[in-house]
Chemist: 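Right, I'll just put the structure down here and ask away after.
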Protein chains: 2
Amino acid sequence: MEYNEKHIKIIEAAEKLFSDNGFNGTSVRDIAEAADVNLAMISYYFGSKDNLLVAIFKYRGENTRQLVSEMIENKELSPLEKFYTLIDFYIDKFQNQQCFHRVMAREQIIHTHGPVATAILSVKKTNMELIKQLVQEGQRKKQFKKEIDISLMMNTLFGTVNHLYTTKHYYKELNNLQSLSDEQFEKQLRKKLSVYLKTLFKAILTYED
Amino acid sequence: MEYNEKHIKIIEAAEKLFSDNGFNGTSVRDIAEAADVNLAMISYYFGSKDNLLVAIFKYRGENTRQLVSEMIENKELSPLEKFYTLIDFYIDKFQNQQCFHRVMAREQIIHTHGPVATAILSVKKTNMELIKQLVQEGQRKKQFKKEIDISLMMNTLFGTVNHLYTTKHYYKELNNLQSLSDEQFEKQLRKKLSVYLKTLFKAILTYED
DNA sequence: TTGATTTAAACAAACGTTTAATTAACAGGA
DNA sequence: TCCTGTTAATTAAACGTTTGTTTAAATCAA
């Protein structure tokens, strides 16, 4: 699917509104106004509001694979270093596309079947494969431990990052960080999370119990 | 707030529908039909649909504190054993109240302010305090390591359990477990998650890097 | 008889989508 | 360069539903 400027304007406006108010909490009229296009253009371009949601997932789901797989095939880094890079990659992804990930976090709960679920599943499958490769490389080189449940481990990675970024307003409150500016807070959060996750995953990957 | 049978019938019907279709994806008429009450009774009892959502959070947020704090004050168990009990407690909670936790997972993303956010924050504060006590006890007894970011650690606990249970249909697919019956799957998931999290948190709490 | 509960009906507002008319873009032929 | 035929893009208006909430009458319990 090719998207022109107007498609993208609509997609990004919808993404922001879905993120703030949810899919059903956003009207097509809201989107049209935010994207500064006529109401009917949304049906004309995407067919329906549901299809627009699917378009958002397709639009955002394209680039990831190549980036991650290039990084994994990098010969310079040890498996653990690669994993550290992967962690920072996902943190950056959540940080830079917070609207999208909020939409995804909400919609993946409801859509167990249908086109949205299919789009999400395909991204998850890709992630799973790539991480599996990386873990197996680490195990071959005896740098990771033998018994690693990759699926649950991914759940911890995405679950932690996802939960933290989608509910960061609670994190801010619980840690009395309300005085920080948004930028300061985001910067600090990112740094802390990065250090924390690297320690955590070093333990998961190497700690024999 | 006192809830009679009819209140609870409405609350539980709403919880199930919100879980399946989202808050804005569920009409008051749907709820009335599912709860087998007249449409107007919902306004009569709760005032509005928004208040009904708040009522769900209050209804479910009541019991937790006492259960957890009794468990933490139990003198028989070591801090690590207590933490293991806590993990199983939360797994059971998510497993037994999946509808509620799906609603919560979705709504906590959107509600950054207002009565829903307040209700959620109060539950989180309680959890945080109790876990903090437990971690500090473990540190005093030299069984846990010194530097532990409790807030991020909680994020991992809730993030992992939450993400896994709210997106278990993807987990099932990704691990080719479609042939399992729902009961078998749930049973297996619970067991695996319990073992996994105990290993994981033993590492987080004791592993010095 | 009084006040709480329950009901069917009605309310205006908002919803996603479609329609039919209008404008813009652009091709090929003079 | 201009005219013309055709398709694509854009618009305001309207469509029929559905929405959350309210009303006013009816039923119930005490």
Side-chain angles (χ1 to χ4, degrees), chain A residues 1-59 103 106-107 110-111 113-117 119, chain B residues 1-59 103 106-107 110-111 113-117 119:
Chain A
M1 176 72 190
E2 290 287 320
Y3 299 123
N4 63 31
E5 283 177 33
K6 219 156 208 173
H7 281 115
I8 291 171
K9 228 168 121 190
I10 294 171
I11 285 179
E12 292 184 346
E15 190 180 70
K16 169 81 174 102
L17 287 165
F18 290 166
S19 161
D20 289 342
N21 314 313
F23 178 77
N24 284 304
T26 304
S27 74
V28 184
R29 283 168 183 80
D30 294 338
I31 300 168
E33 194 185 359
D36 196 30
V37 300
N38 186 278
L39 170 63
M41 289 307 290
I42 291 169
S43 290
Y44 180 72
Y45 272 155
F46 297 97
S48 70
K49 192 188 173 190
D50 287 279
N51 274 344
L52 172 56
L53 180 63
V54 178
I56 292 176
F57 284 103
K58 289 186 176 160
Y59 175 64
V103 176
R106 291 174 55 81
E107 298 308 323
I110 286 196
H111 294 87
H113 300 287
V116 172
Chain B
M1 178 71 189
E2 290 287 321
Y3 300 122
N4 64 33
E5 284 177 33
K6 219 157 207 171
H7 280 115
I8 292 172
K9 229 168 121 189
I10 294 169
I11 285 179
E12 292 183 345
E15 191 179 69
K16 170 82 173 102
L17 287 164
F18 290 165
S19 161
D20 289 342
N21 314 312
F23 178 77
N24 284 305
T26 304
S27 76
V28 185
R29 282 168 183 81
D30 294 337
I31 300 168
E33 195 185 357
D36 195 30
V37 301
N38 186 277
L39 169 63
M41 290 306 290
I42 291 169
S43 290
Y44 180 72
Y45 272 154
F46 297 96
S48 69
K49 190 188 174 192
D50 286 278
N51 273 344
L52 172 55
L53 180 62
V54 178
I56 292 176
F57 284 104
K58 290 188 174 160
Y59 175 64
V103 176
R106 290 175 56 81
E107 297 309 322
I110 285 197
H111 293 87
H113 300 287
V116 173

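Hydrogens, waters and symmetry mates play no part in the numbers below; they use all other heavy atoms, side chains included.
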Chemist: Give a yes/no answer on whether the side chain of Y45(B) brings an N or O atom under 4.0 Å of OP1 or OP2 in dT6(C).
Modeler: yes
Chemist: dA8(D) P sits how many Å from H7(A) NE2, rounded?
Modeler: 14 Å
Chemist: Pair up each side-chain donor or acceptor in residues 29-36 of chain A with any protein partner under 3.5 Å, not counting sequence neighbours, and list the distances.
Modeler:
unit_1, atom_1, unit_2, atom_2, d
D30(A), OD1, S27(A), OG, 3.3
D30(A), OD2, S27(A), N, 3.2
D30(A), OD2, S27(A), OG, 3.2

Chemist: Could you state the CD1-P distance from I10(B) to dT5(C), rounded to the nearest angstrom?
Modeler: 12 Å
Chemist: Would you call F23(B) and D50(B) a side-chain contact if the rule is heavy atoms closer than 4.5 Å?
Modeler: yes
Chemist: Under 6.0 Å between the ring centres of H7(B) and Y59(B)?
Modeler: no
Chemist: Within the structure, does a side-chain N or O atom of N38(A) lie under 4.0 Å from either OP1 or OP2 of dA9(D)?
Modeler: no
Chemist: Can you tell me how far C1' of dC15(C) sits from CD of E33(A), to the nearest Å?
Modeler: 16 Å
Chemist: Whole angstrom is fine here: how far is it from CD1 in I42(B) over to P in dT6(C)?
Modeler: 13 Å
Chemist: Once you round to the nearest 0.5 Å, how far does CD1 of I56(A) lie from CZ of F46(A)?
Modeler: 8.0 Å
Chemist: Check nucleotides 16-23 of chain D for protein N or O atoms closer than 3.5 Å to its own N or O atoms and list the pairs.
Modeler:
unit_1, atom_1, unit_2, atom_2, d
dG20(D), OP1, T26(B), O, 3.3
dG20(D), OP1, K49(B), NZ, 2.6
dG20(D), OP2, V28(B), N, 2.8
dG20(D), N7, R29(B), NH1, 2.8
dG20(D), O6, R29(B), NH2, 2.8
dT21(D), OP2, K49(B), N, 2.9

Chemist: Ignoring backbone atoms, establish whether K6(A) has a side-chain N or O less than 4.0 Å from OP1 or OP2 of dT10(D).
Modeler: yes
Chemist: When the distance from CZ of F46(B) to P of dT6(C) is rounded to whole Å, what number comes out?
Modeler: 12 Å
Chemist: Keeping S43(A) on the side-chain end and S48(A) on the backbone end, is there a donor-acceptor pair under 3.5 Å?
Modeler: no
Chemist: If the condition is salt bridge (charged side-chain N to carboxylate O under 4.0 Å, His left out), which residues does K16(A) pass it with, not counting sequence neighbours?
Modeler: D20(A)
